Amino acid sequence: MAVIKVERKPLSLAERSYMPGILAGMRITIRHLLGRPDTMEYPEERPAIPPGYRGAPTLVKDPHGREKCVSCQLCEFVCPPKAIRITPGTVPEGAGVDHVEKAPQAFDIDMLRCIYCGLCEEVCPEEAIFLLNQYSMTGYSRSEMVNHKDRLYEMGGTLPDRHFKWDVKKAAELGAGGQH
Amino acid sequence: MADFFFGLPVLLQAVLKGIAVIIVIFPVAAACSMAERKVCAWIQGRPGPNRTIFPLFRGIPGMGVLQRLGVFQLVADGLKFLFKEEPTPGHVNKLYYTLAPVIAMVPAFTTVTVVPFGAYLGSAGSVVPLSLANLDIGILAVFAVASLGIYSLILAGWASNSKYPFLGSVRASAQLISYELSMTLAVLPVFLWVNEPGSTGSLSLARVVEFQSRAGFWGGTWFLFTMPVSAFIFAVALFAETNRQPFDMAESEADLVGGFHTEYGAYKWALFFVAEYANMIVGAGVFALLFLGGWNLLPWVPLASLLGWLHHATGSALWLHPLVAGIVSIAIFIAKILATLFVFMWVRWTLPRFRYDQVMRIGWQKLLPLSIANLIVYTVAIALMQR
Amino acid sequence: MIQPAATDLITVNVDGREIAVPKGTNMIEAARRLGTDIPHYCYHPKLAVVGNCRMCLVELGMAAVDPATKAPVMDPATGRPKINWRPGIACAANASAGLHVRTTSPLVKDFREGVMEFLLINHPLDCPICDQAGECKLQEQATGYGRGYSRYIEQKNVKPKRTQLGPRVTLDDERCILCSRCIRFCKDVAKDDVLGFTDRGSYSTLSCYPGRKLENNYSLNTVDICPVGALTSTDFRFKMRVWFLKQTSSIDTESSVGANTVVWSREGAVYRITPRQNDAVNDTWMADSGRLLYKAIRSAERLDAARVDGSSSALDFALAAAAGILAKGGVGVVGSGRSSVEELFLTAKLAKALKAPAWLVSRTGEGDGLLVSADRNPNVRGALVTGLISSLPSARLDELAARIDAGEIRSVVSVGEDLAAAGIGAKRLAKVSVVYLGTHSNPTSACARVVLPTLTVFEKSGTLVNQQFRIQKFARAVPGLTGAADDLLVLSRLVSAAGGPGLGADAPSLWASISQEVPALATMSYDDMPATGLLLDAAPWSQLAFAEGPSLHYQPAQAQKEAPARG
């Protein structure tokens, strides 16, 4: 392996006295001292959340108020820190959305484990899980930091849907009139 | 009132003076720590501590400003040091461990007594300096007592019975000795000049100020301008003597955890802290006296002239009252100290720490020869001028 | 393995590579031997070939022959014989001399894309809610051989989605690709012809014959062989995605057939049991009844703490109490035909150390001639092999009862057997001190002096000897219940306490002693036992009249006449 010897430029007398460097540094710091703070008064001032920000993962409902998650457990599978835990369940007959058949019985996201990677959002085939803009989570106990299904829906709210996949399916079913 | 005071027994006077020093210096030193935090924050683009307030004070107009300046944070810090548990590690030598912070306070507060902090106009327009003990050997007393401060560091380092404090104290002792030499040599030209032939020989700091308050171009010039090299060496040595960055080898938390006070906590640690700031204040005061004209507002504008002008301008004889004059002079002097302290902080939050070998090299190979050369040059020059 | 005689072999050519296969082998199997995958849906190695899915469409060809001279026509470009290629389904193409197959040509790629496109036209996009996802042939082959996008913009066909074909099988007609595997299975294997297609074209629907239900004891095999998610197990439906499940090889313990199984578990919970292929025992099938056995693991009846005189205690204390009871003498040992070979070996050691007589309780039912035999104990032959018993057990412990009445036997060790149900009444039980080892509570455990909780077959590993005298391994699928101890540990501690030899407390280390002391199992070791089991020499027991009738791969008379070869 070749060794390249780099000749150091000899320091001038002024440089050896440190003073030019010190004065230049002090010039910089005094400018900062007189300038405005770069920080934010956090709890009162909040940063603007850019679109696409990956905050806490939440579950969303479609504009008709139907829960979109069908508990396919792909997010549970893909989640690198294993923060997601789903107990699948059956949609009871006569629930109005029973043509979807499957919905989560329990859906827990452990926010102490979540690393906000967004893989759950990316993998979700139903566009049911979204990382929204909430970034500040606190709790007094570990169990408090686990977001259960109702809380996830509360945080996620409703997002616009372009597909209405299941509504289309139901319309087709009704249109067929049992004559298949 | 002054008569009443001087009528008291000497011992009581001394006690009162001592209490006065503690009452003044302690909060001022503490305030310095808050100033330090604020300066640091501003330099780093932060607002600094600005949240703490007593719940009862919320809503009182004007309190918001104090809150933003961190005044209540200062109180909170002080109360914390006072009330938090004070652990003494099991492996320390308890007597000396407890003694060290006390000893640190002694030189810090003692030197204050010999520093004149103002003046008032006596009878016949003479300027009478204000100080607790106007010693004739002024500067010598300061140097002599201040160098005792090293004992507290060594004691703390040794009594802690732990590696880092010990290393810190060893470094501190070597460093303090190294820079004391240059410091003393740097102020010698000042006193050579002040003690011109024919005058009464004096090492009094008040005398130095008096010398900078004379009439004429050379008479009114501050020593900062006539002896910039001395001022520079003194300032650098002052940084080193007060263990301030970039010379804080004794603490250097990057390599020694906390240096000599690693094993200290709570109130004992706070004593070290206050002592450091007290030393800084005294150092800044001495610097102001020696090189910045003491309580003179500007070069060529001595206190007496200033007050005279004010008297003429306002037509009020109030300006010549000793009390008013004293307050004005103290204000000017304190402003200079604060400015100097600010420079201390400004430098601290600008420069990285020197390596220990660099500290030693600067002290022995740069500053000492420079100060000796400086002394020789000024000695010859003064001899030629005053022949 | 016995190789077929060389004369039966026919050489075929798959993708330019030649392979000799037995006559009658179809081209899917021939290609599989070469490691070439020919995708298929309707073909199943254990079912009749119908060729209705067309997925295995490949190019087949024979060497061209000049009609006049009968000489092979040579291809001038390559200098090799010219092949006349034509499309054909590989499942229905049996090996014939000189048959050539191309599975990678552009045309074959087109075939597959075309077939996949037709199959997917009406297939719903149900993968997120479909239980088959992860083990779905349609998913796999759409990924492997499909075109990757859909050109179909019309509305998809709508069909019933939750038809209950029977008590255990749910049908989603939309997902069905009409491969007819389930129909053929019911007709040919289960001999319960209940399924068929109705309607035509894309309206074709799988349904039961009118008034019938898919309720035979083999109905869940249709779920296993369904290549898509059309037939799903009602029990497993929507419980867990298969990619989370750990697969463990096990044995069905419901009868002496010893069907090979796979136990699917996640985080200590078993979710389902499916058959594991063993062509000498169960092919690829198993009975529905055996698939529900895992429910016993989480049963409320489970014994989860050692008990001494009715109050729970530490295991060590309970073992010491048991040893104290047994040390008084007059002991009878009731072993279990459900125990593993290793446990029976230790039970025999215990009986020997205590100088106690040993019995087994027989448990019989009606054999269905397929995969549930008359003997419902999975390991009676294991008890014979290890020497715990020398004659066939009976359902009632009359001899034990008589000896209790005579006062000869004052304490009984029962390994999981309910003595009350085996003819020892509550009155007699009150006279004896019972040491009960078992998984679930029953009248015997309720009145036992010492109860030692043990593990179910899913929580431990060991071996069982089935009706063919085939010794087969089962492995631990889930950790044991907290509070229960491994049977081997409990038994070996009891043996030591009774003055017997100190033996290992896990299957592999016990086998060092077993292979030395049990003649039929000499030269064997636990670790080297193949997944499909080893046949033992049954000659020493050929005189015994076993309860089993004929079943799949088992003929009682024949089995006794033949001197079985190992392996």
Side-chain angles (χ1 to χ4, degrees), chain A residues 3-56 111-112 115-116 133-142 144-145, chain B residues 35-53 64 67-70 182 228-229 231-233 235-236 239-240 244-247 339-355 357-359 361-363 365-371 373-374:
Chain A
V3 175
I4 301 170
K5 282 199 174 166
V6 180
E7 284 297 323
R8 280 194 181 227
K9 193 164 60 83
L11 298 174
S12 67
L13 183 68
E15 280 168 338
R16 268 183 291 156
S17 77
Y18 301 113
M19 287 317 289
I22 288 174
L23 292 176
M26 288 174 76
R27 220 179 69 137
I28 290 171
T29 45
I30 195 80
R31 252 193 250 144
H32 280 275
L33 187 142
L34 298 173
R36 292 187 60 77
D38 304 321
T39 54
M40 187 175 280
E41 297 279 313
Y42 166 63
E44 294 89 17
E45 286 178 60
R46 300 273 175 157
I49 304 295
Y53 179 82
R54 298 202 305 253
M111 292 315 297
L112 294 171
I115 57 170
Y116 305 89
N133 53 11
Q134 191 160 341
Y135 51 84
S136 167
M137 269 140 299
T138 47
Y140 289 106
S141 64
R142 282 170 181 277
E144 232 175 281
M145 296 303 288
Chain B
E36 178 105 51
R37 288 177 70 178
K38 277 303 211 185
V39 168
C40 156
W42 289 331
I43 282 179
Q44 293 170 352
R46 303 183 276 119
N50 64 352
R51 295 264 158 182
T52 320
I53 190 166
Q67 184 193 8
R68 304 302 283 179
L69 284 173
S182 315
V229 179
F232 174 72
I233 294 170
V236 172
F239 276 101
R244 292 287 298 181
Q245 229 148 3
F247 294 101
T340 316
L341 286 176
F342 170 71
V343 174
F344 269 84
M345 292 166 189
W346 182 10
V347 168
R348 172 172 179 188
W349 296 106
T350 302
L351 298 187
R353 182 178 294 120
F354 282 120
R355 263 192 340 257
D357 63 314
Q358 289 173 323
V359 170
R361 205 169 59 233
I362 292 168
Q365 295 184 356
K366 304 260 170 68
L367 277 193
L368 188 59
L370 188 65
S371 55
N374 179 54

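All values derive from a computational prediction rather than experimental measurement. Just so it is clear: chains get the letters A, B, ... in the order the sequence lines come, proteins before strands, and each one is counted from 1.
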Minimum heavy-atom separation for [X] to [Y], with atom names?
X: B:Thr350; Y: A:Met26; value: CG2-N, 3.4 Å
X: B:Arg51; Y: A:Pro43; value: NH2-CD, 4.1 Å
X: A:Thr39; Y: B:Pro47; value: OG1-CD, 3.0 Å

Turns out that what part of A:Ile30 lies under 4.5 Å from chain B's heavy atoms comes down to both
Turns out that what part of A:Arg31 lies under 4.5 Å from chain B's heavy atoms comes down to neither
Okay, B:Leu351 and chain A: the region with an atom under 4.5 Å from a heavy atom over there is side chain
- Item | Segment of B:Arg361 engaging chain A (4.5 angstrom heavy-atom cut-off) |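 The side chain, not the backbone.
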At what distance, to the nearest 0.5 angstrom, does OH of A:Tyr18 lie from NZ of B:Lys366?
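It is 5.5 Å, given to the nearest 0.5 Å.
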Does CD belonging to A:Glu7 count more than 12 external heavy atoms closer than 6.0 Å? no
Quiz item: Is it true that atom OH of A:Tyr42 has more than 12 heavy atoms of other residues, nucleotides or ligands lying nearer than 6.0 Å?
Solution: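 Result for OH/A:Tyr42: enclosed.
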Item checked: Side chains of A:Thr29 and B:Trp346, donor plus acceptor under 3.5 Å -> yes
